[in-house]
Amino acid sequence: MCIRDRFKRKMSMAWEKWQQVYQDLKFANRMGGGAIRRMLNRKLSMAWEKWQFTAAELAHQQRLLAGAVHRLIKRKMSMAWEKWQQVYQDLKFANRMGGGAIRRMLNRKMSMAWE
């Protein structure tokens with residue numbers, strides 16, 4: 001290898017090393033920068049987080065209230081829906097409980113073989 005090639009190789013390695021160090025520092029500054037800004041602006045950050053929490057809570061309460069108002073306005077429809085849900089649950093339970101007994105009665109001879 002001639003001296004010029006060695007020099008180019010060392011220059012290339014130095015350049016690659018510099019780029020890596022630069023990228024690492026850039027990443028560290030980006031990661032730490034937000035945290036440092038938040039510490040410097042702590043009160044502002046706390047106010048923002050409180051506002052976000054309050055806004056989310058108010059939106060949730062508004063959805064609940066809208067549902068209650070909707071049910072009051074459409075009371076009969078709501079009552080019918082809740083009645084349908086109750087009947088459905090009752091039928092589902094009855095089918096589950098009675099299903100095994102009915103199958104055994106229909107398959108009595110097979111059931112007798114197991115007894």
Side-chain angles (χ1 to χ4, degrees):
M1 226 185 235
C2 73
I3 295 174
R4 187 182 324 156
D5 290 340
R6 286 185 193 169
F7 178 74
K8 285 182 180 179
R9 185 168 176 260
K10 293 230 183 225
M11 287 295 286
S12 177
M13 289 171 54
W15 174 250
E16 295 295 326
K17 177 71 174 170
W18 182 87
Q19 285 181 317
Q20 184 61 45
V21 168
Y22 173 76
Q23 290 298 326
D24 292 346
L25 287 173
K26 187 176 172 183
F27 179 76
N29 283 337
R30 193 173 68 240
M31 289 291 114
I36 290 170
R37 276 191 294 283
R38 278 192 299 280
M39 287 190 308
L40 292 173
N41 298 316
R42 186 170 176 261
K43 297 243 182 213
L44 183 61
S45 180
M46 288 170 57
W48 171 250
E49 289 174 11
K50 174 139 178 64
W51 180 86
Q52 285 178 313
F53 175 78
T54 303
E57 185 64 29
L58 287 174
H60 176 69
Q61 289 176 2
Q62 188 175 13
R63 277 193 306 276
L64 292 177
L65 187 59
V69 168
H70 186 72
R71 282 190 297 278
L72 286 173
I73 291 171
K74 300 194 177 197
R75 186 170 178 266
K76 296 236 184 222
M77 181 69 81
S78 179
M79 289 170 60
W81 171 249
E82 291 189 20
K83 177 68 175 171
W84 181 88
Q85 286 178 314
Q86 184 61 47
V87 168
Y88 175 76
Q89 288 298 322
D90 292 345
L91 287 174
K92 190 175 168 183
F93 179 75
N95 283 338
R96 192 171 64 237
M97 298 313 278
I102 291 170
R103 274 192 296 280
R104 280 191 299 280
M105 286 171 35
L106 291 174
N107 297 315
R108 187 167 179 262
K109 290 195 182 219
M110 189 183 299
S111 180
M112 288 172 58
W114 290 102
E115 295 175 0

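All figures in this text were calculated on a predicted structure; none of them were measured in a lab. When a residue number appears, it is its place in the shown sequence, counting from 1.
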message = Before you tell me yes or no, could you show the steps for V87 and K83 under side chain to side chain contact (heavy atoms under 4.5 Å, CB included), namely the whole-Å CA-CA distance, both residues' side-chain angles and the distance that decides it to 0.1 Å?
response = CA-CA 6 Å; V87 168; K83 177 68 175 171; 4.0 Å; yes
message = Can you tell me how far apart NZ (K50) and CD (E57) are? Round to the nearest 0.5 Å.
response = 10.0 Å
request  = Would you give the length of the straight line joining atom CG of L58 to atom CZ of R63, rounded to the nearest 0.5 angstrom?
outcome  = 11.0 Å
request  = Look at the side-chain heavy atoms of Ile, Leu, Val, Met, Phe, Trp and Tyr, link any pair under 4.5 Å apart, and say whether L72 and M77 land in one connected group.
outcome  = no
ask   = For the side-chain contact (heavy atoms from CB on, under 4.5 Å) test, which of Q20, M13, Q19 pairs with E16?
value = Q19
message = Taking CD in Q62 as the centre, count heavy atoms belonging to other residues, nucleotides or ligands within less than 6.0 Å. Is the count above 12?
response = no
request  = Taking the side chain as every heavy atom from C-beta outward, state whether R96 and F93 have any atom pair closer than 4.5 Å.
outcome  = yes
